[in-house]
There are 2 protein chains.
Amino acid sequence: MNSGNEHTVKAFDTDINELRGMVAEIGGRSEQAIAKAMQALEKHDLELAKQVVEDDKIIDDLERRIDDLTFQTIALRAPMADDLRELIATFKISGVVERIGDYAKNIAKRVPLITQSKTLGPISLLPSMSKVASELVRDALEAFARRDADLAEEVSERDQIVDDFYTSIFRATITHMIENPKTIGEAAHLLFIAKNLERIGDHATNVAEMVYFAAKGEQMPERDRGDSPTDIWDDAEVKS
Amino acid sequence: MNSGNEHTVKAFDTDINELRGMVAEIGGRSEQAIAKAMQALEKHDLELAKQVVEDDKIIDDLERRIDDLTFQTIALRAPMADDLRELIATFKISGVVERIGDYAKNIAKRVPLITQSKTLGPISLLPSMSKVASELVRDALEAFARRDADLAEEVSERDQIVDDFYTSIFRATITHMIENPKTIGEAAHLLFIAKNLERIGDHATNVAEMVYFAAKGEQMPERDRGDSPTDIWDDAEVKS
């Protein structure tokens, strides 16, 4: 803050606290969206799935309000250096969290299309995968709230578990498709759900990287993503 | 701009022109990335695919430079109202365009995994789909450069063509999988490529919506997405 005016400083603190509260809220709602979408999938609960889709509008609105307050704060308080960086981090993180909500919504939208989940073997791995992905989202936001670079680094490392789940589910689903051609249509939706969860893990890692950078002033070291037979180039976003 | 100082006004104009040039550049590079990724896929050109993956770093850097210049401009020039909105639009659009580059990169990464494209019938629809998606990106950025709300609205309408391609390719691929179980693994990558192109169309529409809002001060009317047998809820992001 470049102003010595006490009133402006307090007003800035009020704004930044409100923004942090809103980021916590959008984070909590996105986590809930993942949990509800997965519950809807497991119980084939179309009402719950529909609710996740509708509730995504609340997440979108919240993101818009965070954007508005961020830019209003920049325009009115003219923060410098550290404070500006804090605002930018808040703004960017809320954008990533909004996309996490979109992935949960995408999962919910596929619920009506999966009607024979009992015959879709690999679907049984999804709840565990979703649990890990959801914990990454929670911990990334916790790291942001506490400005905890260590926790942020740990989130990035644990994303490997989500990636490994994805690789397993992808392979198991392809095998399942070959053995059960009648279920291919539904199994394809299963692939997309697993991909959505994998992307949620990636986005939690993005948040963690932003937290790390804000705390340490340098990029998080690249994690060793290990070997994968289909891991042809360094960046392993598409592994199978 | 709230400052009557001529020097500051000129400095602001210089910044905003530089930003607009950078958005044009990131847009052009993303379009090229789509074209090259598709060319690599058609010719199974692994070198070209690898180049697309590597060049994505240039797009990422460009986005970072746009972010930096945007926030530097806000902090140093303290723009108000219209100018601030212009900066926010530039900033948000560059973020969406960077993600379009990511989708192109994701397509390029699957090139090594599709080795028998001649036996994958539905792959023949991808070049046409990609052409429409790529034109949407170009026209959305053209609408931004010209602040042309009519062109923006047209982009949003034409995204329906990309969605229809996606639905066709999804169905044709599932049928192909059922009839040719040996190609299921490769065909699954084809589904993801089609999904990436569909998302590129969505993101071009996002840019168009931002342009429309910036020009008209109101949200673009929702387009009628038509009926689809799997289109259970209003928002048709997941249609098949």
Side-chain angles (χ1 to χ4, degrees), chain A residues 2 46 49-50 53-54 56-57 67-68 70-72 74-76 78-81 83-85 87-88 91-92 95 99 102 105-113 170-171 173-179 181-182 184-189 191-192 195-196 230 232-240, chain B residues 2 46 49-50 53-54 56-57 67-68 70-72 74-76 78-81 84-85 87-88 91-92 95 99 102 105-113 170-171 173-179 181-182 184-189 191-192 195-196 230-240:
Chain A
N2 63 346
L46 300 192
K50 192 171 180 176
V53 174
E54 279 168 3
D56 189 59
K57 288 180 192 133
D67 289 359
D68 289 348
T70 304
F71 286 108
Q72 199 183 309
I74 293 176
L76 289 179
M80 295 295 281
D83 288 336
L84 186 60
R85 261 197 294 278
L87 282 169
I88 296 168
F91 174 83
K92 295 212 130 193
R99 272 182 273 157
D102 279 346
K105 180 179 73 172
N106 285 347
I107 292 172
K109 280 182 184 170
R110 292 191 193 270
V111 168
L113 308 171
F170 183 91
R171 289 177 183 168
T173 306
I174 298 298
T175 305
H176 181 87
M177 284 172 151
I178 294 169
E179 289 166 358
K182 280 184 189 160
I184 283 176
E186 301 215 356
H189 293 299
L191 282 184
F192 281 114
K195 188 74 195 166
N196 281 326
T230 51
I232 298 185
W233 297 309
D234 286 336
D235 183 329
E237 201 172 310
V238 174
K239 282 198 311 194
S240 42
Chain B
N2 62 345
L46 300 192
K50 192 170 181 177
V53 173
E54 279 168 4
D56 189 57
K57 289 181 192 130
D67 289 359
D68 288 348
T70 304
F71 285 108
Q72 199 183 312
I74 293 175
L76 290 178
M80 296 296 282
L84 186 61
R85 259 197 295 279
L87 283 169
I88 296 168
F91 174 83
K92 294 213 130 194
R99 272 182 272 154
D102 280 345
K105 180 180 72 171
N106 285 346
I107 292 171
K109 281 182 182 170
R110 291 190 193 271
V111 169
L113 308 171
F170 183 90
R171 290 178 182 167
T173 306
I174 297 300
T175 306
H176 181 88
M177 283 171 152
I178 294 170
E179 290 167 357
K182 279 185 189 160
I184 283 176
E186 300 214 358
H189 293 300
L191 282 185
F192 281 114
K195 188 71 195 167
N196 282 325
T230 50
D231 200 8
I232 300 188
W233 298 309
D234 286 335
D235 183 329
E237 200 170 310
V238 175
K239 282 199 310 195
S240 40

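Throughout, protein chains are lettered first and strands after them, A, B, ... in sequence-line order, and every chain is numbered starting at 1. The basis for the numbers below is simple: all heavy atoms, side chains too, and nothing from hydrogens, waters or symmetry mates.
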Using non-hydrogen atoms only, which part of B:L84 is less than 4.5 Å away from chain A: side chain, backbone, both, or neither? side chain
Heavy-atom pair count under 4.5 Å with chain A, highest-scoring of B:R85, B:E54, B:K182, B:K92: B:K92
Just verifying a value: how many Å separate B:L87 CG and A:F71 CZ, rounded to the nearest 0.5 Å? 8.5 Å
Can you tell which part of B:D56 gets under 4.5 Å to a heavy atom of chain A, answering side chain, backbone, both or neither? neither
Quick check for you: to the nearest 0.5 Å, what is the distance between B:F91 atom CZ and A:F91 atom CZ? 4.5 Å
Spacing of NZ belonging to A:K195 relative to NZ belonging to B:K195, to within rounding of 0.5 Å: 13.0 Å
Nearest-0.5 Å distance that lies between atom CD1 in A:I174 and atom NE2 in B:H189: 7.0 Å
Atom OG1 of A:T70 and atom CD1 of B:I88: how far apart are they, to the nearest 0.5 Å? 9.0 Å
List the atom of A:A188, the atom of B:L191, and the distance in Å for their closest heavy-atom pair. CB-CD1, 3.9 Å
As an exercise, state the distance from CD1 of A:I184 to NE2 of B:H176, rounded to the nearest 0.5 Å. 10.0 Å
